[in-house]
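Scroll down for the structure; my scribbles are underneath it.
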2 protein chains.
Amino acid sequence: MTAQSPGDGSGTGTTTIAAIAGEVGVSVATVSKVLNGRADVAPETRARVEESLERHRYRRRTKKKPVGTGQIDLVFHEFDSEWAMEIIRGVEAVTAPAGVDVVLSQLGGTHHPPQHWLDAVLARRPLGVLFVLCSPTPGQQAQLRRQDIPFVVVDTDSATTASVPTVGSNNWNGGLLATRHLLELGHRRIAIVSGPEDVLCSRARLAGFRAAHEEAGVPVDPDLVRYGTFYLDAGYTHGMALLNRADRPTAIFAGSDMQALGVLRAARQLGIDVPGGLSVIGYDNLEVAAWTDPALTTIDQPLRDMAGTAAHMMLDLARGEQPRTTRIDLVTELVVRESTAPPAG
Amino acid sequence: MTAQSPGDGSGTGTTTIAAIAGEVGVSVATVSKVLNGRADVAPETRARVEESLERHRYRRRTKKKPVGTGQIDLVFHEFDSEWAMEIIRGVEAVTAPAGVDVVLSQLGGTHHPPQHWLDAVLARRPLGVLFVLCSPTPGQQAQLRRQDIPFVVVDTDSATTASVPTVGSNNWNGGLLATRHLLELGHRRIAIVSGPEDVLCSRARLAGFRAAHEEAGVPVDPDLVRYGTFYLDAGYTHGMALLNRADRPTAIFAGSDMQALGVLRAARQLGIDVPGGLSVIGYDNLEVAAWTDPALTTIDQPLRDMAGTAAHMMLDLARGEQPRTTRIDLVTELVVRESTAPPAG
DNA sequence: AACACAACCGGAAACATATCCGAAACTTTC
DNA sequence: GAAAGTTTCGGATATGTTTCCGGTTGTGTT
């Protein structure tokens, strides 16, 4: 009955779900369901509504509900080892005092959440979402924004647009520091066992690795650049392959401390002394890194701080405050222990 | 348009009896009869249909209910390392398929949740609560029961009444196995760096330790029994103290793999070879245990299974089903690697 | 050759759910 | 209190499954 001129180009904030419903030819109830990720909407209908919502830049007109109590979602690419635990600790340290609960999930390998996961989140209406080593697709970002659910990406897996708040660490700098350290020790054949090729932080570290070489005027042997997972066995496998070469490297820069442990084991099995015959440097500075034999030289990545900063930022966003800056990189530092030394000869 | 390619790897639930009928070349009625064991189907036809059904993994198209949506609380005594991560993984593996979210929290040292924590939980009305290495007080138990919120205690911190559902592992047996292994190797002066004295599993392992000694007729030197946290530095500190004794032990049984790493480091610093001059055995069988130098002999505790079992039990309770048994202990096993050997001399 | 009868199969109605949507009641926000 | 948005509930529809019943085929009998 309400004569609703569809697509009146009115612009900001005036579009209601009734207008959308009118345009698409469905009821307001259906549009509401789409917005809230309810299950009982046909995919085809959902798509049409989504399209219209997107086109009209729909935003909720009513303000958000009071903050104070509530919960946030913390979603991991995968629960890998101590690394994830540090993130959890960092988040908890911020959320617990605020009386905010943490809902945990993992995507099990993929870097973008499946739609049904997002639907569940929309239905639950958390204060915000923290993505770790994974990120929502542009469409999913739009869905979250429409419902005023803020999100922050921690240690982003891929280059994101400037509008996406992220907290990371300076991986490029980390790669630079580690490599520079090895070069300064006199190494000239340095291998890198990087993380997965499709993960941004791996690429950034590799870029730092190359930059350090360039800086020192040392060429990078492409044969000495390897990609793998961040796990122990990847370090072992690649370590074995690298160390069995005739022209084996005198130093290996591992993509994570876990990988470095794998490299150490490979060296041990081949009877290569570390750091005498091989220097090994890790990344992350997990607690175990200080307790290995030899203790691991590594790049300190302030995981707890990163997670805490991200959680703070998200809570600010949830309160409606716009943080000064939404893209933060914390500094990485070199921690020299026992696993690096000048090359033999 | 319904191009029905046979064996298209369609996965689960998508195959209908119509598809089967089409493939085999019979009517849907006939397939239905085969499924329901009716008599009026020729044996030869029946066989063909059954073969096709088997191949397509046919399931009757009745939607299984996913428990409904909801969330459970997973509360830790403390987020310690990889150990906690394993528990989280085990729980997630069960809850995620059921569409249940996990809300995480930790008590930060205490073994009983503070009242305000419980109040928050009660207000949230989760499907259930999983306590790890901590437990609700009797009063809190009553509150939870009043609200029909089931709870399960994993690896209980203290002796609980029979009415409290628990999932643990046979710690006494683990202590026995570890100690027996050392005794069989010929060790007579065996130290134990146990977990905290007030934690049940520590006491159970210690009891197993004593039982093995008794069994072998070897006295336990009370000076060689130490208590500490489950962390790395506790292992290091106690390891140092024990190994600096004039009558130092020839073997150390650590309360956790992390502690064992600390002991290894202490031995290394003192120039004691493992396992030549000292045998070390850990507990938990974390992933790192296989990658240390030397690789750690340890007791395998099926943490993931424990957590999964507990989650299952809790979900059953939440559904109103009474599980057959509410007190489960999973078995522990000895994993022999490189850190144990007969004593020198 | 005609018939009886049983075994076997399929058409289609009956039945059982799952899916999808909107009206109306309800809640929240200003 | 009105507008915006959400939730509940029942009905319409579509789809998968079972059952009834009649048709076809083959075999044995007269």
Side-chain angles (χ1 to χ4, degrees), chain A residues 1-4 6 10 12-50 52-53 56-70 115-116 119-126 143 145-149 319-320, chain B residues 1-2 4 10-50 52-53 56-66 68-69 99:
Chain A
M1 19 74 172
T2 57
Q4 198 69 45
S10 53
T12 56
T14 52
T15 43
T16 66
I17 66 172
I20 301 290
E23 182 182 295
V24 180
V26 295
S27 69
V28 289
T30 302
V31 178
S32 174
K33 286 179 204 174
V34 170
L35 284 167
N36 291 294
R38 310 285 299 207
D40 59 343
V41 179
E44 197 264 346
T45 309
R46 179 186 298 263
R48 289 206 338 266
V49 173
E50 274 284 343
S52 183
L53 285 168
H56 287 302
R57 303 272 151 71
Y58 171 83
R59 294 294 299 264
R60 288 189 77 195
R61 299 185 82 168
T62 56
K63 283 287 164 56
K64 59 242 165 263
K65 57 167 100 168
V67 184
T69 175
Q115 188 58 41
H116 69 81
D119 287 341
V121 169
L122 289 172
R124 190 148 24 81
R125 242 183 225 304
Q143 286 181 279
R145 271 196 267 264
R146 257 181 236 128
Q147 295 291 79
D148 282 320
I149 297 174
R319 275 191 217 95
Chain B
M1 38 120 74
T2 57
Q4 197 62 44
S10 53
T12 54
T14 50
T15 42
T16 68
I17 66 172
I20 301 289
E23 183 182 294
V24 179
V26 295
S27 70
V28 289
T30 303
V31 178
S32 175
K33 284 177 206 171
V34 171
L35 283 167
N36 295 345
R38 293 313 192 81
D40 60 342
V41 180
E44 195 265 347
T45 312
R46 179 185 299 268
R48 291 211 331 272
V49 171
E50 267 174 349
S52 183
L53 286 168
H56 284 75
R57 305 260 162 72
Y58 172 81
R59 289 279 165 76
R60 193 139 160 249
R61 238 312 192 148
T62 56
K63 196 61 169 278
K64 66 264 183 180
K65 51 170 57 179
T69 174

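Here is how names work: the chains are called A, B, and so on, in the same order as the sequence lines, proteins then strands, and each is numbered from 1.
For the pair A:A18 and A:V28, the tightest heavy-atom approach, listed with the atom from each and the gap, is CA-CG1, 3.5 Å. Looking at every heavy atom in both residues, A:R146 comes nearest to A:R60 through O-CG, 3.4 Å. Nearest heavy-atom pair across B:Y58 and B:L35 is CE2-CD1, 3.7 Å. Shortest non-hydrogen contact noted between B:S52 and B:E23 is OG-OE2, 3.1 Å. Contact detail for B:R57 and B:T15: the closest heavy-atom pair is O-OG1, 4.5 Å.
Taking every heavy atom of residues 31-43 of chain B and every atom of DNA chain D, pairs under 4.0 Å involve B:S32, B:N36, B:R38, by number.
Protein atom CZ of B:R59 is 13 Å distant from nucleotide atom P of D:dT17, rounded to whole Å. For A:Q147 and D:dA4, the CD to P distance is 16 Å, given to the nearest whole Å. Here D:dT6 presents its C1' atom at 18 Å from CZ of A:R124, a figure rounded to the nearest Å. As a whole-Å value, the separation of B:L53 CG from D:dT17 P is 11 Å. Look at CD on A:E44: it is 14 Å from C1' on C:dT19, rounded to the nearest Å. A straight line from CD1 of B:I17 to P of C:dC9 spans 15 Å, rounded to a whole angstrom. At whole-Å resolution of the value, OH in A:Y58 and C1' in D:dT6 are 11 Å apart.
Here the side chain of A:R125 is nearest to one of C:dC9, C:dC21, D:dT6, namely D:dT6. Of the candidate nucleotides C:dA24, C:dC21, D:dG5, C:dA24 has the atom nearest to the side chain of A:A29. Among the nucleotides C:dG22, C:dC21, D:dT17, the one closest to any side-chain atom of B:T16 is D:dT17.
Remark: B:T30 is in phosphate contact with C:dG10, judged by side-chain N or O atoms under 4.0 Å from OP1 or OP2.
Looking only at distances, a side-chain donor or acceptor of B:R48 sits under 3.5 Å from a matching main-chain atom of B:V24.
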Do A:Q143 and A:I149 pass the side-chain contact (heavy atoms from CB on, under 4.5 Å) test, and can you show the C-alpha distance, the side-chain angles, and the key distance before you say yes or no?
CA-CA 9 Å; A:Q143 286 181 279; A:I149 297 174; over 6 Å; no
